[in-house]
Amino acid sequence: MTIKDYFSVRKYPGRILLSGTGIDGKAVSAYAIMGRSENSRNRVFRLSNGNLETRAYDESKVEDPSLIIYRARTVYGGTVIMTNGDQTDTIEKAFKEGRELESALAERTYEPDAPNFTPRISMVADKEGYSLSIIRKKGDETERIVWRYTPTPGFCCVIHTYDGDGNPLPSFSSSPVALSLPPTFEEFRDELWNSLDKENRISLYVSWGDREEVINAREEEEDVIQLKYGLNPNQKCASISAKGKLPVTIINGRPGYINFLDALNGWQLVKELKKNTGMAAATSFKHVSPAGAAISIPLTEEERKMYFISSKTILSPLATAYVRARGADRMSSFGDFIALSDECDKETAEIISREVSDGVIAPGYSEEALEILKKKKNGGYVILKMDSSFVPPVKEIRTIYGITFTEDHNDFTVTDSTFSEIPSESKDFPESARLDMTVAMIALKYTQSNSVIYAKNGQTIGVGAGQQSRIHCTRLAGDKADKWWMRQCPKVLSLPFKKGISRNDKDNIIEQFLSTNPEIDVTGKWEEYFSSPVSPLTEEEKKEWMDKMDGVSLSSDAFFPFRDNIDRAAKSGVKYVTEPGGSVRDDSVIEAANEHNMTLFFTHSRLFHH
């Protein structure tokens, strides 16, 4: 009899254990669970550290964890133990004490889930053979039976908890049944899963030799969130979805398509920054690229002034990270979507509440933070909660013009080996520069290409994103970095703004004040903006201040085709550069780095993002 023949006529066999030997002589096993109640169906299988565990699919809906959350499979001393409950632990303990399977089973009885009194079934397998056992209610007694088998290639034996459907459910009353096995792992997995009743099947674990896999029905279902609209308001039908439970929850507001593009890219960035540096991280996203990204290095007095943060304002590490991320390019951050690596606290929420922003994503929020954030935008501020334990699939899929694209998820990470190849004469690379370069490279990974990023003090200070020409990226990012530095010039920090001028208006005024060709002459019309006359910054004053800019890190998402990128970077105080290398003009780039006394790294890792 085949697996399909046996299970296709059994609507509700309950929990199933199978053990045998493939035609190739490899050990084969399986564990499947069925379920009808909400509590029973709220389960998924997870492989963890060599064990098979059952976990709640939605922890908020767990009614009784005692019978649905347990370690189903483990290996002790080369012996596989797999059961439909926590008797896995009982059997393992007995083996560690040198006792037999029967001794372990004698300690347990059937499950106390009246009126079903579900049997406890177990499988124990080693290189000599395998055993199947059951503990079931028989009248007022407890019956315990063990069946032992020697391997027969191409065959298995199966036991399950129920004979079929009913109320109460009838316990398995016979002996294990011998079934023929398909010739391959894939055929075995598919035949068993497809033979189980689709309405009742929940999860399946299969192993064949060293191969193992789990299937969870709940993760094959689609979880869908309808969005406000697509990229544009005329694209009215828009949604996000995933097989299984979406890892993101809408706490407040009604997000749109671009909000989620920013949120999910931003979340990956800050999660990776936190993992790599161990510090709280934040990013300010606009149109699927970071306007700024940062870690929680404390602010200097000058930075507090340029970011409009009072010396009396207490900043948590997370708030510090966001102040830096927002302050990297305050003009571009206007109306941003924020991503935070840690639970949003009160201090961070207070900083966010002062800024023009579309929304925020974080792994959690304190009650005080939520109360503050929900008041933004007349109660419409978008607040998203991300499951920090979520791991994306290895394959990423998108559809363009009806054609499906598939690629591996970009698993590049910054490690010590990233900085191992230094073709320049200078080998200087202090820890502060390593942190800055880490911020720059991880931010590049989530920036629209072509892109170049300048970084200093644990934050990006200039992002040149989405340019077709590499030198245009370098110039754009460099110009932004220069303005970031010029904002700290004493003459800028002491501008006598009129009372009532908002932070956003101050940003615009400073932008005009620093521009070589301003659209508005803020010094000529000083009385509209300042409480006293202000003289323009002279070119000599600008040069004198710019000459003090030093120790900046720069990273490029692809190689520099010409030395002009290095020459431009030098004008903005760049001393450390990472790029993949591989250009036919690498020698020219190295020569330029040496002329400017820069430390140049070839990473051999391209970081395109689209």
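Any value given below was found using the heavy atoms of this structure, including those in side chains, with hydrogens, waters and symmetry copies removed. What you see is a predicted model, and the numbers here were worked out from it, not measured in a lab. Nothing fancy with the numbering, it's 1 onward along the sequence.
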Listed pairs under 3.5 Å, donor-acceptor, residues 286-295 side chains, sequence neighbours left out:
from   : atom 1 : to     : atom 2 : distance (Å)
Lys286 : NZ     : Ser332 : O      : 3.1
Lys286 : NZ     : Phe334 : O      : 2.8
Ser289 : OG     : Gln448 : N      : 3.0

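A distance of 11.0 Å separates CG of Asp482 from CH2 of Trp485, quoted to the nearest 0.5 Å. Distance check: Glu579 CD to Arg606 CZ gives 13.5 Å after rounding to the nearest 0.5 Å. With rounding to the nearest 0.5 angstrom, the CG atom of Leu370 is 5.5 Å from the CD1 atom of Ile251.
Residues Tyr257 and Ala238 come closest through the heavy atom pair CD1-CB, 4.4 Å. Heavy-atom minimum distance, Asp567 versus His596: OD1-NE2, 2.9 Å. When all heavy atoms of Val552 and Lys456 are compared, the pair lying nearest together is CG2-CD, 4.0 Å. Taking both residues in full, the closest heavy atoms of Glu407 and Arg398 are given as OE2-NH2, 4.5 Å, listed atom of the first, atom of the second, then distance. Contact record, Phe337 with Ala263: CE2-CB, 3.5 Å, taken as the closest heavy-atom pair. The shortest non-hydrogen separation linking Cys344 to Leu373 is SG-CD1, 4.1 Å.
The shortest side-chain heavy-atom distance between Val492 and Leu537 falls under the 4.5 Å cut-off. Between Leu315 and Leu299, some side-chain heavy-atom pair lies under the 4.5 Å cut-off. When side chains are defined from C-beta on, Lys542 counts as touching Thr516, because their heavy atoms get closer than 4.5 Å. Between Tyr454 and Val574, some side-chain heavy-atom pair lies under the 4.5 Å cut-off. At least one side-chain heavy atom of Ile250 sits under 4.5 Å from a side-chain heavy atom of Pro255. Contact of the Met598 side chain with the Ile566 side chain is registered, since non-hydrogen atoms from C-beta on lie closer than 4.5 Å. Contact of the Arg568 side chain with the Lys571 side chain is registered, since non-hydrogen atoms from C-beta on lie closer than 4.5 Å. Side-chain atoms of Thr603 and Met441, non-hydrogen and from C-beta on, do get closer than 4.5 Å to each other.
Crowding of Glu595 atom CD: a count of heavy atoms from other residues, nucleotides or ligands under 6.0 Å exceeding 12. By the neighbour-count criterion of 12 heavy atoms within 6.0 Å, atom NZ of Lys228 is sparsely surrounded, having that number or fewer from other residues, nucleotides or ligands. Summarising the local packing, NZ of Lys385 is surrounded by 12 or fewer heavy atoms from other residues, nucleotides or ligands at distances under 6.0 Å.
Remark: aromatic rings of Phe601 and Phe429 are close, center separation under 6.0 Å.
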Checklist entry - Could you walk me through whether Asp557 and Arg470 pass the salt bridge (Lys or Arg N to Asp or Glu O under 4.0 Å) check? => result CA-CA 9 Å; Asp557 66 355; Arg470 182 68 41 188; 2.5 Å; yes
Next on the checklist: Quick one, Phe497 with Tyr529, criterion ring pair (Phe, Tyr, Trp, His ring centres under 6.0 Å). Give me CA distance, side-chain angles, the key distance, then yes/no.
Outcome noted: CA-CA 6 Å; Phe497 289 106; Tyr529 313 104; 8.9 Å; no
Next on the checklist: Run the salt bridge (Lys or Arg N to Asp or Glu O under 4.0 Å) test on Lys346 and Glu371 for me, step by step, so that the C-alpha distance in whole Å, both residues' side-chain angles and the decisive distance to 0.1 Å come before the verdict.
Outcome noted: CA-CA 9 Å; Lys346 179 184 177 183; Glu371 185 179 351; over 6 Å; no
Next on the checklist: Could you go through Lys575 and Thr599, starting from their C-alpha distance and side-chain angles, then the distance that decides it, and tell me whether this counts as side chain to side chain contact (heavy atoms under 4.5 Å, CB included)?
Outcome noted: CA-CA 6 Å; Lys575 287 299 179 185; Thr599 304; over 6 Å; no
Checklist entry - What do the steps show when you test Val248 against Ile240 for side chain to side chain contact (heavy atoms under 4.5 Å, CB included), and what is the final call? => result CA-CA 10 Å; Val248 62; Ile240 63 168; 4.2 Å; yes
Checklist entry - Should Ser241 and Ser239 be marked as a side-chain hydrogen bond (donor to acceptor under 3.5 Å, both in side chains) after you check the CA-CA gap, both sets of side-chain angles, and the distance that decides it? => result CA-CA 7 Å; Ser241 62; Ser239 64; 5.4 Å; no
Checklist entry - Please walk me through it: do Lys395 and Asp408 pass salt bridge (Lys or Arg N to Asp or Glu O under 4.0 Å)? => result CA-CA 5 Å; Lys395 300 293 183 184; Asp408 290 335; 2.7 Å; yes
Next on the checklist: Using side chain to side chain contact (heavy atoms under 4.5 Å, CB included), reason through Trp545 and Gln488 one step at a time and then give a plain yes or no.
Outcome noted: CA-CA 9 Å; Trp545 185 251; Gln488 299 174 68; 4.2 Å; yes
Checklist entry - Does the salt bridge (Lys or Arg N to Asp or Glu O under 4.0 Å) test come out yes or no for Lys377 and Asp358, once each step is laid out? => result CA-CA 8 Å; Lys377 299 186 75 170; Asp358 278 357; 3.3 Å; yes
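With respect to the salt-bridge test (charged N to carboxylate O, under 4.0 angstrom), the residues Lys483 and Asp479 do not qualify.
Glu527 is linked by a side chain to side chain contact (heavy atoms under 4.5 Å, CB included) to nothing, counting only residues two or more places apart in sequence or in another chain.
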